[in-house]
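Encoded as structure tokens, the structure appears first; notes follow it.
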Number of protein chains: 2
Amino acid sequence: MSVNAAIASESLTRSVEDYLKAIYQLSPEGRPASTSEIAHLLALSPPSVTGMVKRLSEHGLLEHVPYRGVQLTDEGRRAALRMVRRHRLIEAYLVEFLGYSWDTVHEEAERLEHAVSDTMVERMATALGNPVVDPHGDPIPTVDGSIHEPACTALSDVPVGETVEIHRVHESQPERLRYIASLGLRPGVRVRVLDRQPFDDLVTIEVGGDQHVIGRELGHVLQCAREGDQ
Amino acid sequence: MSVNAAIASESLTRSVEDYLKAIYQLSPEGRPASTSEIAHLLALSPPSVTGMVKRLSEHGLLEHVPYRGVQLTDEGRRAALRMVRRHRLIEAYLVEFLGYSWDTVHEEAERLEHAVSDTMVERMATALGNPVVDPHGDPIPTVDGSIHEPACTALSDVPVGETVEIHRVHESQPERLRYIASLGLRPGVRVRVLDRQPFDDLVTIEVGGDQHVIGRELGHVLQCAREGDQ
DNA sequence: CGGATAATTTAGGATAGCCTAATTATCTCG
DNA sequence: CGAGATAATTAGGCTATCCTAAATTATCCG
Ligand SMILES: [Mn+2]
Ligand SMILES: [Mn+2]
Ligand SMILES: [Mn+2]
Ligand SMILES: [Mn+2]
């Protein structure tokens, strides 16, 4: 079985790897992911997802309850975390050593994650000094597949008057990332919430001496650490 | 047509890219390559090659005369040289920045060449200072698709008594490359031919104070620059 | 020139992935 | 509870890529 798993994991295709990663990202905790969520995230049709899900569950990478959703098995979760580690380390490497900015790394990593060897990933990690987060503040799983997702609060949910530090920026679209950067927002930056509108979750923040109004979507993209968070 | 070519070149698959590169490497000068040569190089069956060749010639990447062989079109040659550039720059980058040795880079580059973006390739080239040869001494095509293949003489063909410099090592198998390195042979090293047997192309050489006997196969892998070569 | 041999192509088939249209299951609400 | 809305699956198809076995073409040689 362990040999089987090893052999199988050598030969996961790009599609399979992206499915597993998508399912993991839709529910890191293991709650079932729905066909349409997966289809939407991967930009595929729902029937394509149903078909692939059937195959992956036959291979023991996930469990599928028809009409109910899918959950990764331990083996599927391990494979997914391996891809997440690759993706985030590649992003970090590209930013550190090849002059990429945080808005352009995702696309490159999305392809490279399937092509690099384990050896190369670990050499990149070493060259980087074994970082624990990627350029967007997302935690990098360890080689043995553990990951620490620190508690976070969406900027939209931070009480008025509080000062928080941006931990993670949950966004991969380049234009949006550029806009966020243009406001001076990035992991590690401290932000004070000055005001909140009664509707639409609009919050006014102060960052680096400037004030900005942040809408609901952006407010959920920006994940912050409050003093009480651990 | 130019738009067409651009669109088409975006979407070449890994298989197609490897076919084009293989055909180029079987005859850089454009002499027809045979089905079985291609099949052997790519470790595929001849019927698979026939099928792919048919498709590629429909796409204008090569010309096929049934039972006679295939030749790259200008577009096919351009795509092939693009892959050769990628492959060799990746090899150089891995050796320079990620601690690879020349016997392990080929396999990694064989996958990465299909996954990196043009941007990344050029950033690697810049980081390397725009090298003109790869770790095996093979020339790196320029971005605009020109390549200078310097005149070379196989070590087997070097006259007795002559001293030559190793230019290129035409080998990709790791064990063989390690053996070659263990003899102190690599691009840039000077070698003196001391003796030649009457049969089997065995030559005795002196390199770095040591003497070695080189057989026919290795003698053809080691490509040298003679004084007269340009 | 004609047959043996080697190279190549054709025939027929498999798998992975993806799609649209049609069908079925589940959920929600009056 | 049952009908309509919504989500998911099944049915049926397509392309790319590979394979083996059978047929065809080229070549070489006596
Ligand atoms: Mn990917
Ligand atoms: Mn990231
Ligand atoms: Mn390749
Ligand atoms: Mn090389």
Side-chain angles (χ1 to χ4, degrees), chain A residues 4 7-23 26-27 31-72 76 79-80 83 110-111 113-115, chain B residues 4 7-23 26-27 31-71 76 79 83 110-111 113-115:
Chain A
N4 239 333
I7 290 170
S9 90
E10 298 296 1
S11 59
L12 298 183
T13 65
R14 177 176 175 171
S15 280
V16 169
E17 290 176 338
D18 280 337
Y19 271 93
L20 295 175
K21 191 159 60 89
I23 293 165
L26 285 171
S27 87
R31 170 188 48 86
S34 75
T35 299
S36 49
E37 280 173 334
I38 300 167
H40 184 253
L41 189 56
L42 294 174
L44 297 172
S45 70
S48 299
V49 173
T50 301
M52 178 64 94
V53 152
K54 188 181 270 179
R55 246 178 304 147
L56 294 186
S57 64
E58 280 159 10
H59 286 288
L61 292 161
L62 45 81
E63 279 174 58
H64 180 214
V65 180
Y67 294 98
R68 278 294 136 81
V70 299
Q71 281 178 283
L72 294 175
M83 296 313 295
E110 199 54 56
R111 275 174 286 107
E113 62 189 0
H114 312 287
Chain B
N4 239 333
I7 290 170
S9 90
E10 298 297 0
S11 60
L12 298 184
T13 65
R14 178 177 174 171
S15 281
V16 168
E17 290 176 338
D18 280 337
Y19 271 94
L20 295 175
K21 190 158 61 89
I23 294 165
L26 285 170
S27 87
R31 170 187 49 86
S34 76
T35 298
S36 48
E37 280 173 333
I38 300 167
H40 183 254
L41 189 57
L42 295 174
L44 297 172
S45 70
S48 298
V49 174
T50 301
M52 178 63 96
V53 151
K54 189 182 269 180
R55 245 177 307 143
L56 294 186
S57 65
E58 279 159 11
H59 286 289
L61 292 162
L62 45 81
E63 279 175 59
H64 180 215
V65 181
Y67 294 98
R68 278 292 135 82
V70 300
Q71 281 177 284
M83 296 314 294
E110 198 55 56
R111 275 173 286 108
E113 63 189 0
H114 311 287

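- Applying the side-chain hydrogen bond (donor to acceptor under 3.5 Å, both in side chains) test to residues at least two apart or on different chains, the pairs with a partner in residues 41-61 of chain A are Ser45(A)-Ser48(A).
- Here the nucleotide nearest the side chain of Tyr19(A), chosen from dC18(C), dT17(D), dT8(C), is dC18(C).
- Lys21(B) is listed as a side-chain neighbour of Glu110(B), based on a closest heavy-atom distance under 4.5 Å.
- For Tyr67(B), counting side-chain heavy atoms from C-beta on, the closest listed nucleotide (dC27(C), dT8(C), dT24(C)) is dT8(C).
- Nucleic acid contact class of Ser15(A) (heavy atoms, under 4.0 Å, all strands): sugar-phosphate only.
- Panel note: side chain Arg31(B), backbone Leu26(B); a donor-acceptor pair is recorded below 3.5 Å.
- Here Thr35(A) lies in heavy-atom contact (under 4.0 Å) with sugar-phosphate atoms only.
- Within 4.0 Å of Ser36(B), counting heavy atoms only, lie sugar-phosphate atoms of the nucleic acid but no base atom.
- Atom CG in Leu44(A) sits about 11 Å away from atom P in dT20(C), given to the nearest Å.
- Out of dT9(C), dT17(D), dC19(D), the shortest distance to the side chain of Thr13(B) is found at dT17(D).
- Residue order along DNA chain C, read from the 5' end via each residue's closest nucleotide, puts His59(A) first among Arg68(A) and His59(A).
- For Pro47(B), whose side chain is taken as the heavy atoms from C-beta onward, the closest listed nucleotide among dT27(D), dT24(D), dA21(D) is dA21(D).
- With distances taken from any side-chain atom of Met52(B) to the nucleotides dT9(D), dT9(C), dC18(D), the minimum falls on dC18(D).
- Counting non-hydrogen atoms under 4.0 angstrom, Ser45(A) reaches a base of the nucleic acid.
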